[in-house]
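Worksheet for the structure shown next.
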Amino acid sequence: MSTHLLKKGYEPKEVERRWYAYWEKEGLFSAEDISGKRPFSIVIPPPNVTGVLHMGHAHNNTLQDILCRYRRMQGYNVLWMPGTDHAGIATQNVVENELARQGKDRHNLGREEFVKRIWQWREEYGGLIIKQLKRIGASCDWDRERFTMDEGLSRAVKTVFVKLYEQGLIYRGDYIINWCPRCQTALSDLEVDHEDHNGHLYYVRYPFEDEEGGVVVATTRPETMLGDTAVAVNPSDDRYRGLEGKRVILPLMNRRIPIILDEYVDARFGTGALKITPAHDPHDFEIGERHGLASVKVIGGDGHMNEQAGRFQGQDRFECREEVLEALGEEGLLENTEPYQHSVGHCYRCRTTVDPYLSKQWFVKVKPLAEKAIAAVETGDTRIVPDTWTKTYFEWMNNIKDWCISRQIWWGHRIPGWTCEHCGELIVAMDPPTECSACKGSALVQETDVLDTWFSSALWPFSTMGWPEGTQTLKTFYPTSVLVTGFDILFFWVARMMMMGLHFMKDVPFRDVYIHALVRDAEGKKMSKSKGNVIDPLYVIDEYGADAFRFTLAALAAQGRDIKLSEDRIEGYRHFINKLWNAARFSLMHLSDFEPDQFRQDAQDLSLPDRWILSRLNGVVDNVINGLDQYKFNDAANALYQFVWHELCDWYLEIIKPVLYEPSGPIADPDKEAHKVPQSARYKTTQFVLWSVLNETLRLLHPFIPFVAEEIWDKLPGTEGSIMQAEFPSTDKTRDDREAEDAMKLLMGVVSGIRNIRGEMNVPPSLSVEAVVQSPDKGGRALIEQRRDMIVNLCRLKNIEVTAPGKRPASSATSVFGNCTIFFSLKGIIDFELEQGRLEKGVGKINKELEGVNKKLSNEDFLLKAPEEVVQKVREKREKLVKKRQKLQDQLSTVSQISSDG
RNA sequence: GGGCGGAUAGCUCAGUUGGGAGAGCAUCGGCCUUACAAGCCGGAGGUCACAGGUUCAAGCCCUGUUCCGCCUACCA
């Protein structure tokens, strides 16, 4: 493409739109099912189809995109599989709310019509989050986009269900589950959020049926007493000795219930007597099973008291609680009420308080599946990064309980189970059976429940690739290379994918699991709509550009620590994008006549700064590759930031300006002298190095900031096609140049020394001044001499003189770097007091350092026991410090003398 | 109750075999120097939470304490 100068300011909006469309049009995100390239695959954590992009998505997908773009450039055949999740309860809620606004509910419509409505809704709004993912630059293979309710994925779900059932790993039964009365469905244990709640502990007396007195029980949920079928005490509790078999009268209901003995009861808690409500408490249920107690359900699925609740029928459960307490009070049976903090479960979708509820549900027997999933991580077949999450994973897997997978909603995969109305036989099959397998009856009724959304998500890594067919996609891309996700769904999703993947694919679903942190607000609080502290990613993209945003997320993504995000941070990184843009603008201004194809580089032609920047570049390449390979995105991003800004821009570009501005000009060139390079060749070589460094830096940056990198790449001479297709840089040992780095260190130190004086002595840059550098080291002197123009230029000096140590120039300020003493002439303008203070400060600093060093060297144990090289190092340090201090003190005495002489 | 993580400059945080306390932002001083004032140059700023221990040597390893997060759990 043609070379143009860049616009003065970077305008992300237009650039982003243009390049994303180009990438899509050119099919640059496409994976190949058959390819000679090495495969690299990621499945996206499917966002809810109802969702809008939030910070979590932005972060998660930015990291995935960085990895995909990186691997693609490294020559991998990359598949980033995109898609969305049908999010059963959440989506149903959204559409139900819409109906409610029209004064309707789903029951008015009927199941079929309601589901149709949801599909319609999905058609209309379901693509939103996909569009938003494109805004941040996500390079998914969009042609392969999947949805958990698609036909193919539905078949996978059904297949898995039937197989697990046949293998005895899915069963149906009456158990206590978590019930959300608002969503009117069962929830798995994971879908319940526990929150501490300041409630009360109520002490209620249950009178004996045949004598005075009674047993006092303690409860936090008095309304459940209406369904009590026993009172239990610990068999070894002396207070209740001899009561077994006796009966008490259940207050308000006038039911006679037995006193039973059970080890479960904790004698130290409350009164040591436990009311038993098998239908509304998981432990009570178990105790009920053990003792053959009846279960009496008193709360209905809608959270209101049912017909078993006697006169309380029809009341809301919480209203009933108050009524029960009042009634008990009236009867004088409420012995005591005390404040009590306990945790209460809430529905993770709608925050409603859940009820333990006895009902017929479907479960997955997870223990056998979990064992394999544990082993896979133990053996390293799947690696969890950072490793600290491995422990959490094991912890949960080892204590896993059966998974309730049935949901009493309409939106989702309907359970492929049928019950014979005639004989009650349960039939589970892929297709609707025509007759009962037991009695040949034809009256078969399908289950109305649907499956937990996470059931289908658990199959995502292989269902999206076409399973149960043995597709080429699966052959090429399963197991996936890495899963990138937040720890909040480690159990919900990651663990379950592990179980299902191992069971059905006989191999782990991913080699690596990279667990990233959560994005929080600037104060570290979780972002939430109710707190009003959310930052909308789309607003950020509009305001600062997708690249600045992406780079911010990458730069802050330190392992094991949450990201505290504020607009200020993003603004800061926008400055970086702007810096890069301007550096490129500058470079392109000087590369318009450069033709890389025509240029032949002769290593001999490289100047010292050329060698230095190439050596440094090699270091960055190494840092970026290592960072990305280890999922240390922040390391990689920060290395690039440091290099671009503080090495390329601050030093290299400044150093080469004279050459670029005076291509054939009269500038004395040390390299010309040294290597007999003609000035025109020096110019060409400089162009070449500048071009190479920019070219390579852009390729390093592309995974992080794809848009601006592509835009500059496009304008850079000698580049063809998209930067996406360019090769990712690799380290080149021949570029490592210790010698050049050391030499530059000295020169830069001298420059910094001079600038330091200028700054501290308040000498404006416009004032051109002379400097003298004295050094006992011949080589150092030669180097400075050779590069005098660079120093003169960078420090805006009139002239610099390099000599062996000798007479100190009068009326000058001093700085010391290495064994160089720098004299900065201040004839006529020197402020002796200021200089004296400056020198004293320097001496003070050194003294402080020397203190520590001397302490070490006077410690015999240190000299005896520390490795020789360490001792040597400290000795050298002392020597250096002493010399430096001497120089400063010499100058100090000179200055004080002049100062006191007036 | 169990488990995990954190405490380093004013703020946000790096600091990977124990031997030089660092960055970004903010702040202060000086600069319109021909890519960039969204910039350039320079400065200041820290008992590495506390108390012990191991070691010649500890931000780093060990023990304990305090404070703050998070995950997990059925004591009614």
Side-chain angles (χ1 to χ4, degrees), chain A residues 5-6 8-10 176 189 194 201 217-221 224 232 264-266 268-277 281-284 286 340 342-343 345 356 388-389 391-392 395-396 399 487-488 490-491 518 520 522 524-526 555-556 558 560-566 568-569 571-590 630 632 634-635 638 641-642 645-646 649-650 653-654 657 661 752 755-766 793-796 841 849 852-853 856 859-867 869-871 873-874 877:
Chain A
L5 295 187
L6 297 179
K8 173 114 173 139
Y10 176 56
I176 293 270
D189 295 341
H194 291 274
L201 198 53
V217 299
T219 180
T220 54
R221 295 188 298 151
T224 63
Y264 169 78
V265 181
D266 183 352
R268 288 161 306 183
F269 188 89
T271 60
L274 175 64
K275 63 188 263 324
I276 305 296
T277 324
D281 182 278
H283 300 108
D284 292 6
E286 280 175 27
Y340 184 67
H342 60 125
S343 83
T388 132
W389 290 105
K391 211 168 172 179
T392 311
E395 182 74 17
W396 190 71
N399 297 306
F487 59 79
D488 48 334
L490 180 62
F491 306 139
L518 251 44
R520 298 172 177 281
K525 291 199 207 77
K526 217 166 172 171
L556 299 182
R561 211 185 267 254
D562 285 343
I563 293 180
K564 289 183 192 164
L565 190 70
S566 69
D568 291 348
R569 302 303 294 252
E571 196 181 340
Y573 284 104
R574 181 176 61 176
H575 294 173
F576 173 68
I577 303 295
N578 188 249
K579 187 74 180 174
L580 173 70
W581 179 259
N582 278 294
R585 201 162 80 93
F586 168 81
S587 303
L588 291 174
M589 279 167 52
H590 296 283
Q630 296 171 64
K632 295 188 173 173
N634 58 324
D635 286 353
N638 289 326
Y641 184 100
Q642 159 71 21
W645 202 313
H646 299 303
C649 292
D650 287 352
L653 294 187
E654 294 303 326
K657 270 180 182 174
Y661 279 116
S752 295
R755 283 172 171 174
N756 174 293
I757 299 172
R758 209 185 248 287
E760 296 213 329
M761 299 302 282
N762 295 324
V763 181
S766 51
N793 175 48
L794 292 178
C795 300
R796 302 184 164 269
K841 195 178 72 185
E849 273 189 83
V853 171
K856 267 189 185 173
N859 182 343
E860 274 184 39
D861 282 331
F862 174 70
L863 299 174
L864 224 65
K865 292 178 184 169
E869 54 182 75
V870 172
V871 176
K873 230 167 138 183
V874 176
K877 190 178 174 187

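So you know, we letter chains A, B, ... as the sequences are listed, proteins then strands, and number each from 1. Since we're looking at a predicted model, the values are computed, not measured.
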Would you kindly give the [atom1]-to-[atom2] distance between [X] and [N], to the nearest whole Å?
X: A:Arg574; N: B:rG39; atom1: CZ; atom2: C1'; value: 14 Å
X: A:Asp568; N: B:rA38; atom1: CG; atom2: P; value: 15 Å
X: A:Leu518; N: B:rC4; atom1: CG; atom2: P; value: 20 Å

What's the gap between B:rC4 and B:rU63 when it is taken at their P atoms, as a whole Å value?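 Pairwise P distance, B:rC4 against B:rU63, rounds to 12 Å.
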For A:Lys8, which residues count as a salt bridge (charged side-chain N to carboxylate O under 4.0 Å, His left out) partner, sequence neighbours excluded?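 Result, salt bridge (charged side-chain N to carboxylate O under 4.0 Å, His left out) vs A:Lys8: none returned.
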Give A:Glu654 one of three labels, base, sugar-phosphate or nothing, depending on what nucleic acid heavy atoms sit under 4.0 Å from its own.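 Base: the residue A:Glu654, judged by heavy atoms under 4.0 Å, touches a nucleobase.
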Base, sugar-phosphate, or nothing for A:Glu760, non-hydrogen atoms under 4.0 angstrom?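 Sugar-phosphate only.
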My understanding is that only residues two or more places apart in sequence, or in another chain, count here; which of them pass ring pair (Phe, Tyr, Trp, His ring centres under 6.0 Å) with [X]?
X: A:Tyr641; value: A:Tyr573, A:Phe576, A:Trp645
X: A:Tyr264; value: A:His283
X: A:His575; value: none

[X]: side chain to side chain contact (heavy atoms under 4.5 Å, CB included) partners, not counting sequence neighbours:
X: A:Asn578; value: A:Asn582
X: A:Ser752; value: A:Trp651
X: A:Thr392; value: A:Trp389, A:Leu490, A:Phe491
X: A:Thr388; value: A:Pro386

As a test of reading the structure: which of B:rA44, B:rG42, B:rA38 is closest to the side chain of A:Asn756, going by heavy atoms?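 Given the options B:rA44, B:rG42, B:rA38, the side chain of A:Asn756 is closest to B:rG42.
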How long is the straight-line distance from NZ of A:Lys275 back to CG of A:Asp281, given to the nearest 0.5 Å?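 Here the interatomic distance stands at 8.0 Å.
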Under 3.5 Å, which N/O atoms of the protein pair with N/O atoms of nucleotides 72-76 of chain B?
unit_1: B:rC74; atom_1: N1; unit_2: A:His283; atom_2: NE2; d: 2.5
unit_1: B:rC74; atom_1: O2; unit_2: A:Tyr264; atom_2: OH; d: 3.2
unit_1: B:rC74; atom_1: O2; unit_2: A:His283; atom_2: ND1; d: 3.3
unit_1: B:rC74; atom_1: O2; unit_2: A:His283; atom_2: NE2; d: 2.4
unit_1: B:rC74; atom_1: N3; unit_2: A:His283; atom_2: NE2; d: 2.8
unit_1: B:rC75; atom_1: O2; unit_2: A:Asp266; atom_2: OD2; d: 2.6
unit_1: B:rC75; atom_1: N3; unit_2: A:Asp266; atom_2: OD2; d: 3.2
unit_1: B:rA76; atom_1: OP2; unit_2: A:Tyr340; atom_2: OH; d: 2.3
unit_1: B:rA76; atom_1: O2'; unit_2: A:Ala218; atom_2: O; d: 3.2
unit_1: B:rA76; atom_1: N6; unit_2: A:Asp266; atom_2: O; d: 2.7
unit_1: B:rA76; atom_1: N6; unit_2: A:Phe269; atom_2: O; d: 2.9
unit_1: B:rA76; atom_1: N1; unit_2: A:Asp266; atom_2: N; d: 3.2

Can you list everything that forms a side-chain hydrogen bond (donor to acceptor under 3.5 Å, both in side chains) with A:Glu654? Sequence neighbours excluded, please.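 side-chain hydrogen bond (donor to acceptor under 3.5 Å, both in side chains) list for A:Glu654, sorted by chain: A:Lys657.
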Please write out the pairs of protein N or O atoms and N or O atoms of nucleotides 16-23 of chain B separated by less than 3.5 Å, giving the distance to one decimal.
unit_1: B:rG20; atom_1: O2'; unit_2: A:Lys877; atom_2: NZ; d: 3.4

Would you write out the dot-bracket form of RNA chain B, 5' to 3', with Watson-Crick and G-U pairs under 3.5 Å, [ ] for crossing pairs, | for pairs to other strands and . for unpaired bases? (((((((..((((.....[..)))).(((((.......))))).....(((((..]....))))))))))))....
